[in-house]
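Lettering follows sequence order; numbering is per chain, from 1.
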2 protein chains.
Amino acid sequence: MDADQVRNMEEFAAKCGVSRPTVSKYFNDPTSVRETTRKRIEAALERYDFRPNIYAINQNRRLTKNIGIVVPYLADPFFAEIARRIERHCIDSGFSPTLFSAHGKPELEIDILDALRSVKPAGVLLAPLGRASDRSHIEKFCADVPTVLFDSNIEGIGSAFIGSDNFQSVPMIVDYLCRTGEPPCFFEMPPVNPNANKRRNAYVKAMEQLGHEPHVIRVDGRGWDFEDVGLRGGKRVIGEKKFVTNTVLCSNDRLAIGLLSAAFQLGERVGHGEDCTLRIAGHDDHPFSRFTCPPLTTVAQDYEAISNQSAETLFELIETDERRQTRTETLFEGKLVMRKSA
Amino acid sequence: MDADQVRNMEEFAAKCGVSRPTVSKYFNDPTSVRETTRKRIEAALERYDFRPNIYAINQNRRLTKNIGIVVPYLADPFFAEIARRIERHCIDSGFSPTLFSAHGKPELEIDILDALRSVKPAGVLLAPLGRASDRSHIEKFCADVPTVLFDSNIEGIGSAFIGSDNFQSVPMIVDYLCRTGEPPCFFEMPPVNPNANKRRNAYVKAMEQLGHEPHVIRVDGRGWDFEDVGLRGGKRVIGEKKFVTNTVLCSNDRLAIGLLSAAFQLGERVGHGEDCTLRIAGHDDHPFSRFTCPPLTTVAQDYEAISNQSAETLFELIETDERRQTRTETLFEGKLVMRKSA
DNA sequence: ATCAAAATTTTACGCGCGTAAAATTTTGAT
DNA sequence: ATCAAAATTTTACGCGCGTAAAATTTTGAT
């Protein structure tokens, strides 16, 4: 006989024996109604499993409980992993996260932000494309919506930035490589985001401080197919014997994975053993770096800390809705992960 | 002087010099208003860049333009890639897709479907977890929302299924492996989804038809960390010399990537050359399979066809809203991708 | 130019909720 | 038991749109 499903909050409130606004209060905060009425509502909830219409809820609210998570390239497991953690954090804090990927395209990044606007999100967590991003467009967006940048910094944009400290992590692995063998050269593609640039600069500085001459080798390649760039570029560089030392530090793991593949295909033995001809190191501790052949020596980014801090910073921003004037930058240290490749 | 921003459709209609419902009609279908009024609205649109409140729009509509895309594990680039294509297809067709990942957890899959319900989606594209999925829960969902399953089939659930034809692809690579060397054994983990099962059965059948004795080697491992399972299991199996032939067909590429890593670490030379001790093949043509060491011989799933067909099938379903009774299954053939590993 | 039919626009009402202000109930001190 | 203060609930109104029905304008044949 419970075929009489309730169609809206009005009908549901009638079943509860309270007024609609009381039910409305309950859904906004169950503790805001008296114990006895809460019980009555929850009893009715069991029978009718009524759920408020989220469109009607959000229609009048200036801000919703939605949070946008925007990453530059979701097919990269690094972003998939960090997005997963942020997503969970948002859900646990009572928000409704939605995941977007720019798929490496600046136009898409713009489209996503435009679409996000009409969802009236409480806040947005944005890992921008970087150099390809439309700076002024993102700036306008950040002026309207509380936004925290992560992974890739754009100077002065957004209310905060959370990422890795490249000027700690890169010198650390450079130091390690110098202690254990020949000083590394630096293997990079045209930098699509500021991290790549910073890492190169950090590499140069670290080498100079250690009294070595830096060598930067750049290969062509656009877009976000880093492995492919590493493979093609690596093949050419190895073939032409352009690596001036037997040790190569790549600007990220995905590039290193491509270079590893190139080295393997050209018969180079990669690793730190006696019989090896090449040492290759990466940066990020990409989820697949444990499974490369040989396993990749790299610097682990602190996924957990970056995800948590990004989310928490945004939550703070949302609560103290007076947009704060001081933009903070939080950088976490990387950890050296010594595996077989270097 | 255009500081006087319009706050709603009423005000915007006034600026246009037409009534609000006419503006409403325009946004639902610009061609449904007279040429002259369309011009007026579009002229006003330039000046005020008004956007209708999507919550108010969707409040009354029985169905929205939203489409849910649900995948079991987004950190798997296979799903990231297929989701990317479907997403694009939906946008190009005027829908608003939203991406969800169950992260390998059945509870999350249920949560996602429940959350989707309240978004009143026009339809859902679902790649279910498979065996771990709560069948009856998904069944109820499909009864309410037009749903197309892809990648992983659950018999009788959803209005259609689109995937790969394992009984074509597996015999093909088994045949190839037999023609070029020793008949393969089959390396699998406990099947988390029906594909793994079907592939094993297809392997056994193919071997028998070719007059060889099938050998299935199963390793432990739960969850979706396939590479890790392949690495651990592979190390043990290789160490204990349990592979009865020198050729191994893995139930998917991710497992193969783990096995390749195990082989490398134990000093096995993988490939089809004279000096090699092990041949390893996979299934799927995972985006990273080109970059393994050696590059992985595998069967390519037709990403493009599966994505397109899934989306198109759903669109049809949405338009002919009478839920059709005949559940269709569309299977696409795989293509042999010969690389170095086998 | 006229007028019925067709196309388009406007009027009028309703959707399912949020929320400030008013009304009621409960609390807690005496 | 009484009563003011505090907590809670209800009344009353509004949000920004969709949409059926009524009103108006345009079309096109004569």
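Among the nucleotides D/dC17, D/dG18, C/dG18, the one closest to the side chain of A/N28 is C/dG18. The side chain of A/F50 has C/dC17 as its nearest neighbour among C/dC17, D/dC17, D/dT10. Residue B/P21 places its side chain closer to C/dT11 than to any other of C/dT9, C/dG16, C/dT11. Nearest to the side-chain atoms of B/A56 among the listed nucleotides D/dT26, C/dG16, D/dC17 stands D/dC17. The side chain of B/N8 lies closest to D/dG16 when the candidates are D/dG18, D/dG16, D/dT10. The side chain of B/R34 has D/dT26 as its nearest neighbour among D/dT26, C/dC17, D/dT9. If you check C/dA12, C/dT9, D/dC15 against the side chain of B/R20, the one that comes closest is C/dA12.
Residues A/E109 and A/L126 share a closest heavy-atom pair of OE2-CD1, 4.3 Å.
Using bins of under 30°, 30° to 60° and over 60° for the plane-to-plane angle, the ring pair B/W224/B/Y73 lands in the parallel bin.
Counting to the nearest Å, the P atom of C/dG16 and the NZ atom of B/K120 are 8 Å from each other. Rounded to whole angstrom, the span from the CE atom of B/M9 across to the C1' atom of D/dT19 amounts to 12 Å. As rounded to whole Å, 15 Å separates atom C1' of D/dT9 from atom CG of A/D29. Going from atom CG of A/N53 over to atom P of C/dG14 covers 19 Å, rounded to whole Å. Atom P of nucleotide D/dT25 and atom NZ of B/K25 are separated by 17 Å, given to the nearest angstrom. In this structure, CD of B/E35 is placed 15 Å from C1' of C/dA7, rounded to the nearest angstrom.
Here A/P52 lies in heavy-atom contact (under 4.0 Å) with sugar-phosphate atoms only. Residue B/Y26 is out of contact with every strand shown, counting any heavy-atom pair closer than 4.0 Å.
Considering only side-chain N and O atoms, B/S32 lies nowhere under 4.0 angstrom from the phosphate OP1 or OP2 of C/dT8. A sub-4.0 Å separation between OP1 or OP2 of D/dG18 and a side-chain N or O of B/S24 is present. Taking only side-chain nitrogens and oxygens, B/T22 comes nearer than 4.0 Å to OP1 or OP2 of C/dT10.
Between the side chain of A/Q59 and the base of C/dC17 there is no donor-acceptor pair of N/O atoms closer than 3.5 Å.
Counting heavy atoms from C-beta outward, A/E87 and A/T98 have side chains that stay 4.5 Å or more apart.
Note on B/R40 versus B/E42: no salt bridge recorded, every NZ/NE/NH1/NH2 to OD/OE distance being 4.0 Å or above. A salt bridge does not link A/E11 to A/K15: none of the charged nitrogens lies less than 4.0 Å from a carboxylate oxygen.
For the pair A/I57 and B/G17, both in contact range of DNA chain C, the more 5′-proximal nearest nucleotide belongs to B/G17.
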